[in-house]
Amino acid sequence: MHGKRTIRRSLWRWRRNPLRRREDVLEAWILLIVWLVIALLGPVAGVLGAEISAHSAAQRRAERHAVTATLVSEVPHNVLADGTTGGRVDATVRWTAPDGTRHTGKAAVDGGLKAGSRVSVWTDRQDRLTPAPPTATQAGVDAAFMGAASSFAVVTTAAAGYYGARSVLNRRRRAALEDEWQQIGSQWGRTAT
């Protein structure tokens, strides 16, 4: 019983009613469109956002490859803010590309390594140093986050559009009500003859 009353109350803009204004019907249509956009485009945006993110990660994994490099000089321990050592430090490394050319550059390596140590670094197709590509787990998390963010963006945009339209419609309703009150107020005090 309570559920039927709630539904009837929420659908009042669709029923014939002498108090219903054009703005009420327009708001009902806008709300219906917003719900359709949320229901249909929200999931689509989420899936597309996830697929684009996953494709980007796969492309980065395909374009980058690990090579073995040699440290040019000793790498000091990285002293963290709390006084402990650990983490990665930028150091100069040297590596040989598949075509035989030798390259030198800065890469993040573990602290405390000696000169001549072998480290693994990542390069792109032009044999430039690059960050490691995302792992499959990282790519999955990123894809899920991008999917959720894309879906949320659609929902937020649709809701903001509705509240913006509702604000305009409320101003129009208030202006119409003020006009009606002025018309009624001008007739107060007059006697019917």
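All figures in this text were calculated on a predicted structure; none of them were measured in a lab.
A donor-acceptor contact shorter than 3.5 Å links the side chain of Arg64 to the backbone of Pro131. Without hydrogens or angle criteria, Ser151 side chain to Gly147 main chain gives no donor-acceptor distance under 3.5 Å. Between the Thr157 side chain and the Ala153 main chain, a donor and an acceptor come within less than 3.5 Å of each other. Remark: side-chain polar atoms of Ser117 are not paired, donor with acceptor, to backbone N or O of Leu113 under 3.5 angstrom. Looking only at distances, no side-chain donor or acceptor of Glu63 sits under 3.5 Å from a matching main-chain atom of Arg60.
Val168 and Tyr163 fall into different hydrophobic clusters, where Ile, Leu, Val, Met, Phe, Trp and Tyr are joined by side-chain heavy atoms under 4.5 Å apart, directly or via other members. Leu169 and Trp35 end up in the same hydrophobic cluster when Ile, Leu, Val, Met, Phe, Trp and Tyr side chains are linked at under 4.5 Å. No continuous path of hydrophobic side-chain contacts links Leu41 to Ile30 [ILVMFWY only; heavy atoms under 4.5 Å]. Val25 and Ile33 fall into different hydrophobic clusters, defined by Ile, Leu, Val, Met, Phe, Trp and Tyr side-chain heavy atoms under 4.5 Å apart, directly or through other members. Grouping the Ile, Leu, Val, Met, Phe, Trp and Tyr side chains by contacts below 4.5 angstrom, directly or via other members, places Val119 apart from Trp122.
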(request) Go through the steps to decide whether Leu177 and Arg21 satisfy the test side chain to side chain contact (heavy atoms under 4.5 Å, CB included), and finish with yes or no. (result) CA-CA 11 Å; Leu177 186 61; Arg21 299 176 184 273; 3.9 Å; yes
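In this structure the side chain of Val154 reaches within 4.5 angstrom of the side chain of Val37, judged on heavy atoms. You'll find the side chain of Glu27 reaches within 4.5 Å of the side chain of Tyr162, heavy atoms only. Taking the side chain as every heavy atom from C-beta outward, Leu71 and Arg94 never approach each other to under 4.5 Å. Side-chain contact between Val109 and Asp90 is absent, with no heavy-atom pair separated by less than 4.5 Å. Side-chain contact between Met146 and Leu48: absent, with no pair of heavy atoms (C-beta onward) separated by less than 4.5 Å. A heavy-atom distance below 4.5 Å is not found between the side chains of Trp95 and Thr104.
Taken to the nearest 0.5 Å, the CZ atom of Arg61 stands 9.5 Å off from the CD atom of Gln138. One finds the OG1 atom of Thr96 at 10.0 Å from the CG atom of Asp127 (value rounded to the nearest 0.5 Å). Summarising the geometry, atom CG belonging to Asp142 is positioned 10.5 Å from atom OG1 belonging to Thr137; distances are rounded to the nearest 0.5 Å. Between the OG1 atom of Thr123 and the CZ atom of Arg128 there is a distance of 10.5 Å, given to the nearest 0.5 Å. One finds the CD1 atom of Ile52 at 12.0 Å from the CD atom of Gln59 (value rounded to the nearest 0.5 Å).
Minimum interatomic distance between Val121 and Ala69 (heavy atoms only, all atoms of both residues): CG2-CB, 3.9 Å. Taking all atoms of both residues into account, the shortest heavy-atom contact from Pro134 to Ala57 is CG-CB, 3.8 Å. Closest approach of Gly111 to Val89, counting heavy atoms only: CA-CG2, 4.1 Å. Residue Ala45 comes nearest to Ser150 through the heavy atom pair O-CB, 3.2 Å, listed as atom of the first residue, atom of the second, then distance. Among all heavy-atom pairs drawn from Ile38 and Val155, the shortest one is CG2-CG2, 3.9 Å.
Residues Arg172 and Glu23 are paired through a salt bridge, judged by an N-O separation under 4.0 Å between the basic side chain and the carboxylate.
Side-chain polar atoms of Thr101 and His103 form a donor-acceptor pair below 3.5 angstrom.
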